[in-house]
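The sequence lines fix the lettering, A, B, ..., with proteins before strands; numbering per chain opens at 1. Values below: every heavy atom of this structure, side chains too, minus hydrogens, waters and symmetry copies.
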Amino acid sequence: MKWVYIEDIAQYDGQDVEIRGWVYNKRSSGKVRFLLVRDGTGLVQATAFSAEKDSPLFQKFDRLTQESSLVVRGRVREDKRAPGGYEMTIADLDIVQVAADYPITLKEHSTPFLMEHRHLWLRSSKQHAVLCVRAEVVKAIRDFFDGRGFRLMDTPILTPSACEGTTTLFETAYFDQKAYLSQSGQLYNEATAMAFGKVYCFGPTFRAEKSKTRRHLIEFWMVEPEVAFATLADIIELGEDLVLFIMERVLTKRKHDLEILERDTRPLEAVKKPFPRLTYDQAVPLLREKGSTIEWGNDFGSPEETLISEVYNSPVCVTHFPTAIKAFYMQPAPENPDVVLGVDFLASEGYGEVIGGGQRIHDLALLERRIEEHKLPREAYEWYLDLRKYGSVPHSGFGMGVERMVSWLCGIKHIRETIPFPRLLYRIYP
RNA sequence: UCCCCGGUAGCUCAAUUGGCAGAGCGGUUGGCUGUUAACCAAUAGGUUGCAGGUUCGAGUCCUGCCCGGGGAGCCA
């Protein structure tokens, strides 16, 4: 008998097939038995009928517990009463293993309990849906950049020095030296961009920040494109196109998962190019008008991001932040060196910053001065300064946080559910 | 690091002013020919996070600690 996956079951209407999976739930009603089977691709109801209640099939059925593994064989038929619209009439079943008391029931559980059982929680339908969306987002990101002639240039995870500060780095032994886990591939991206023109890196990044909010992970995935000769305006457009590309892909290919998540997709469908642009100078009075106490020169906090996303029914691009609060490599605006050519993309519906980036300093003398002002060890940046000695050009790039994007698309409030095994401030298990 | 909240059965939660520690789910047993987190009946299940204190009496009040959740700062 043919082994098929549940996601393909509609193609086998009227045929005998075999499904290999796990018990999601079961119900019995005298001489009828209902089994909800999942196989990783979907859920299907399998039904067993028998005139005698002690039939061998029923005896096997009654031994099954939640999450027991099994092989069921039977005929597929359309049935409106079944969840999913198709049902299998069980001819025979083999038990692979009878599961011990499964801790996660179909009833409510607290977050600490579910996080403790994350390795099992992944089997639940909503977690399954979120992670399918994540996989689709990752695929969309790669398709987007590969389709536009970007070269994937992976940057190292073990690095000899900080990209920005030094307080948020994980330190590790590197034989007789110290190494740090990467918190951004950007500096290396600038080198590969000068070699390949358009590049991106995509991988995990690590920040030892004692952040304990629904928007932060200690280990998260970031995609970072870098484009030689691109200006701030070019990179903003690239970011818009990327966001729209991912959104369209997920809305078409993961529609079913968004339904499972009960995501109202109308706000996502309404997102259009161009996103509203707002300079920092314009944002500050707007925020104060809405009740924020922000002063010119302060960075946005999460309340400020939420306020802005409430004003616009769209993602918003905020640009030209004060030089003092941004990274050392940010290019000052030509008309006003107190602000930089940087951009933050704030997602709609209060999902916060999903993209941050901008134009990098390409002038050697200015970059040297900034490294000094930020009290960074010059010797660690010699290679980086070389990029400004040998054919320096204006260039720009950004970083997009995968988990924040997934959380926005899925309408999931907490970022920890958007990665299979989240690393959090007080949780590294499982 | 700081602020707020919580910890009672396997799970989710109750417990009046400090006065017999309970319910639903899950488990087990039985019943039911179309269930949708099925339903009905019965049943087992407790070091109330840990240590100390107040009291005739503490799940409840006090002190310290541990663990977790939400937020700030910082950021994607």
- Taking the inter-plane angle between the rings of A/H117 and A/F113 on a 0 to 90° scale, is it parallel (under 30°), tilted (30 to 60°) or perpendicular (over 60°)? tilted
- At their closest point, which heavy atom of A/V137 faces which heavy atom of A/L409, and how far apart are they? CG2-CD1, 3.6 Å
- Query: On a whole-Å scale, what distance lies between the P atoms belonging to B/rU55 and B/rG27?
  - Reply: 48 Å
- Task: Output the single nucleotide from B/rG34, B/rC75, B/rC11 whose closest atom is nearest the side chain of A/H216.
- Result: B/rC75
- Item | Distance below 4.0 Å between A/R27 side-chain N/O and B/rU33 OP1 or OP2 | no
- How long is the line joining CZ of A/R214 and C1' of B/rC74, in whole Å? 17 Å
- P spacing across the pair B/rU8 / B/rG59, given as an integer number of angstrom: 14 Å
- Note on the structure: From the list A/R77, A/R73, A/R75, salt bridge (charged side-chain N to carboxylate O under 4.0 Å, His left out) partner of A/D16 resolves to A/R75
- Quickly work out the A/K210 NZ to B/rC3 P distance and round it to whole Å. 15 Å
- Message: Please report the distance separating the C1' of B/rG19 from the corresponding atom of B/rC5, rounded so that it comes out in whole Å.
- Response: 28 Å
- Query: What is the distance from CD of A/Q66 to P of B/rU28, rounded to the nearest Å?
  - Reply: 12 Å
- Task: Provide the distance between the two P atoms, one in B/rG7 and one in B/rU12, to the nearest whole Å.
- Result: 12 Å
- Phosphate OP1/OP2 of B/rG70 contacted by A/H414 side-chain N/O (<4.0 Å): yes
Give me the distances for all protein-to-nucleotides 7-9 of chain B N/O pairs that come in under 3.5 Å?
none

- Query: Rounding to the closest angstrom, what is the interatomic distance between B/rA14 and B/rG57 at atom P?
  - Reply: 28 Å
- Compute whether any side-chain donor of one residue and acceptor of the other, for A/Y86 and A/K80, lie under 3.5 angstrom apart. no
- Query: Closer than 4.0 Å, any side-chain N/O of A/S110 to the OP1 or OP2 of B/rU12?
  - Reply: yes
- Message: Closest-nucleotide mapping onto RNA chain B: is A/E87 or A/H109 further toward the 5' terminus? I mean the 5' end.
- Response: A/H109
- Could you say whether A/K80 or A/R33 is positioned toward the 5' end of RNA chain B, judged by the nucleotide with the nearest heavy atom to each? A/R33
- So does A/K107 get a side-chain nitrogen or oxygen closer than 4.0 Å to the phosphate oxygens (OP1/OP2) of B/rC11? no
- List RNA chain B stems (3 or more consecutive Watson-Crick/G-U pairs, under 3.5 Å)? B:1-7 with B:66-72, B:10-13 with B:22-25, B:27-31 with B:39-43, B:49-53 with B:61-65
- Query: Looking at A/F58, is A/R33 sitting on its ring face, NZ or CZ under 6.0 Å from the six-membered ring centre and within 45 degrees of the normal?
  - Reply: yes
- Message: Measuring only the C1' atom in each nucleotide, how far is B/rC56 from B/rC39? A whole number of Å is fine.
- Response: 49 Å
- Query: Considering only B/rC11, B/rG34, B/rG71, which nucleotide approaches the side chain of A/R81 most closely?
  - Reply: B/rG34
- Does the separation of the ring centres of A/Y312 and A/F275 fall below 6.0 angstrom? no
- No-hydrogen, no-angle side-chain donor-acceptor test under 3.5 Å, A/R277 and A/Q282: no
- Reckon A/D299 touches a base, only the sugar-phosphate, or nothing at all at heavy-atom distances under 4.0 Å? sugar-phosphate
N/O-N/O pairs, protein side and nucleotides 44-49 of chain B side, under 3.5 Å:
none

- Please tell me which of the listed nucleotides, B/rG69, B/rG34, B/rG27, lies nearest to the side chain of A/P112? B/rG69
- Query: Can a donor-acceptor pair be found between the side chains of A/T65 and A/S68 at a distance below 3.5 Å?
  - Reply: yes
- Query: Nearest of B/rA72, B/rG69, B/rC74 to any side-chain atom of A/R427?
  - Reply: B/rG69
- Taking atom P in both B/rA37 and B/rG22, what distance in whole Å separates the two? 32 Å
- Of the nucleotides B/rG69, B/rG70, B/rG34, which one has an atom closest to the side chain of A/T47? B/rG34
- Task: Could you work out the separation of B/rA72 and B/rU16 based on their P atoms and round it to a whole Å?
- Result: 35 Å
- Message: Does B/rA72 have OP1 or OP2 under 4.0 Å away from a side-chain N or O of A/S302?
- Response: yes
- Do we see A/Y426 stacking on the base of B/rG68, given a limit of 5.5 Å between centres and 30° between planes? no
- Would you check if there is a donor-acceptor pair between the side chains of A/R151 and A/T192 at a distance under 3.5 Å? no
- Message: Less than 4.0 angstrom between a side-chain N/O of A/R416 and OP1 or OP2 of B/rG68, yes or no?
- Response: no
- Task: Please check if atom NZ in A/K273 has more than 12 non-hydrogen atoms from other residues, nucleotides or ligands closer than 6.0 Å.
- Result: yes
